[in-house]
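Down below is the structure, laid out as structure tokens.
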There are 2 protein chains.
Amino acid sequence: MKKRSYNCGLDAAVDVVGGKWKALILWALHREPLRFGELKRAISGISEKMLIQQLREMETYGLVHREVYHQVPPKVEYSLTEFGDSLNTALLPLGEWGEKHMETIEAIPRD
Amino acid sequence: MKKRSYNCGLDAAVDVVGGKWKALILWALHREPLRFGELKRAISGISEKMLIQQLREMETYGLVHREVYHQVPPKVEYSLTEFGDSLNTALLPLGEWGEKHMETIEAIPRD
DNA sequence: TCAGGTACTGACCTTTTTGTAAGTGTGGGG
DNA sequence: CCCCACACTTACAAAAAGGTCAGTACCTGA
């Protein structure tokens with residue numbers, strides 16, 4: 001997040017969900033709350049550092065809720081708030097678009 | 001665009017529309033084709049370099065069409081392809097979400 | 001005593017993205 | 001003859017994002 005004012009809602013939304021991982025995390029939490037380790041395993045390729053960093057940001061955005069269980073070994077569960085859920089819903093058509101055009105997108109030459 | 005394979009459609013879509021400017025450009029072209037200079041004026045804050053860079057990428061993605069008129073001074077018009085238009089449509093709910101929650105988003109503390 | 005699982009944290013570095021500023025080519029108008 | 005509009009292009013620099021890897025604290029069971 002870098003800006004303070006936006007030209008349009010899309011601008012603002014992309015700012016919130018932008019980056020490499022946030023959409024994936026949102027998606028992973030859509031079905032059910034997950035623990036840190038579970039999330040890590042669910043999202044292939046993400047490092048612990050990025051996962052926490054993104055989760056923390058999304059927490060401050062009010063998109064996810066962090067629930068700590070005082071146990072040993074520790075257990076922390078992440079879940080979507082209503083706000084996060086509404087964003088996920090708004091992202092559905094985009095996800096479908098991506099799904100539908102996946103092959104085209106993958107075929108785009110890079111560099 | 002960096003990846004070749006995606007976990008889900010959302011992942012792929014965010015890759016296509018990611019970055020600071022693409023969504024804005026898509027949006028600006030939604031109403032009507034625009035010339036380079038018009039786009040530049042329409043999207044406040046964008047530099048010429050970024051504008052062209054993004055336009056070129058979006059052209060290779062097949063999202064926008066570039067039409068050159070051989071005149072002096074030169075005239076180049078950019079418009080959305082059907083593909084670009086379909087992406088724009090898929091982005092509408094996200095734009096509405098951003099619009100609706102704009103104040104919340106702007107109020108999020110940064111750094 | 002000691003390794004192991006869990007959820008982080010921090011230092012450091014590389015890559016990617018974005019920005020700034022100046023320069024290019026063309027023909028028409030002053 | 002010079003300057004302007006327009007659509008770029010290039011070199012360089014700064015900033016943001018992402019990645020690696022080692023280390024912390026806690027209790028538990030072997």
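Being a predicted model, the structure only gives us computed values, none of them experimental. In what follows, chains are A, B, ... by sequence order, proteins preceding strands, each numbered from 1.
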Atom CD of A:Gln53 and atom C1' of D:dC21 are separated, to the nearest Å, by 15 Å
Quick note, side chain to side chain donor-acceptor pair (under 3.5 Å) partners involving residues 88-99 of chain A, not counting sequence neighbours, are A:Trp97-B:Ser86
Rounded to whole Å, CD of B:Gln54 lies from P of C:dT16 at a distance of 15 Å
Kindly list each side-chain donor-acceptor pair under 3.5 angstrom involving residues 41-53 of chain A, sequence neighbours excluded, with atom names and distances?
from: A:Ser47; atom 1: OG; to: A:Met50; atom 2: N; distance (Å): 3.3
from: A:Glu48; atom 1: OE2; to: A:Lys40; atom 2: NZ; distance (Å): 3.0

In whole angstroms, the gap separating P of D:dG18 from CG of A:Leu51 amounts to 13 Å
**Report entry** Expected output: side-chain B:Glu38 to main-chain B:Arg35 donor-acceptor under 3.5 Å
**Finding:** yes
Of C:dA7, C:dT9, D:dG18, the nucleotide closest to the side chain of A:Val76 is C:dA7
From NE2 of A:His70 across to P of C:dC8 the rounded distance in Å is 12 Å
Do the side-chain N or O atoms of B:Arg66 get closer than 4.0 angstrom to the phosphate oxygens (OP1, OP2) of D:dA7? no
When B:Leu26, B:Leu63, B:Ile25 are each screened for side chain to side chain contact (heavy atoms under 4.5 Å, CB included) with B:Val17, the one that passes is B:Leu26
Checklist entry - Within the side chain of B:Thr81, is there an N or O that forms a donor-acceptor pair under 3.5 Å with the backbone of B:Gly62? => result yes
In whole angstroms, the gap separating C1' of C:dT18 from CG of A:Asp15 amounts to 14 Å
If the cut-off is 4.0 Å, is B:Arg35 near the phosphate of D:dC6, judged by side-chain N/O to OP1 or OP2? no
Atom CG of A:Leu55 and atom P of C:dT9 are separated, to the nearest Å, by 11 Å
Under a 4.0 Å heavy-atom criterion, the protein footprint on nucleotides 19-30 of chain C, written with B, S and -, is BB------S---
Any carboxylate oxygen within less than 4.0 angstrom of a Lys/Arg side-chain nitrogen, looking at A:Arg66 and A:Glu77? no
To the nearest angstrom, the NZ-P distance between A:Lys75 and C:dA7 comes to 9 Å
Can the ring centroids of A:Tyr78 and A:His65 be said to lie less than 6.0 angstrom from one another?
no
task = Please work out if A:Gln71 contacts a base, only the sugar-phosphate, or nothing of the nucleic acid, heavy-atom cut-off 4.0 Å.
result = nothing
Counting the atoms with a prime plus P, OP1 and OP2 as sugar-phosphate, which does A:Tyr78 contact under 4.0 Å by heavy atoms, base, sugar-phosphate, or nothing?
sugar-phosphate
Taken to the nearest whole Å, CD1/B:Ile52 to P/D:dT10 is 10 Å
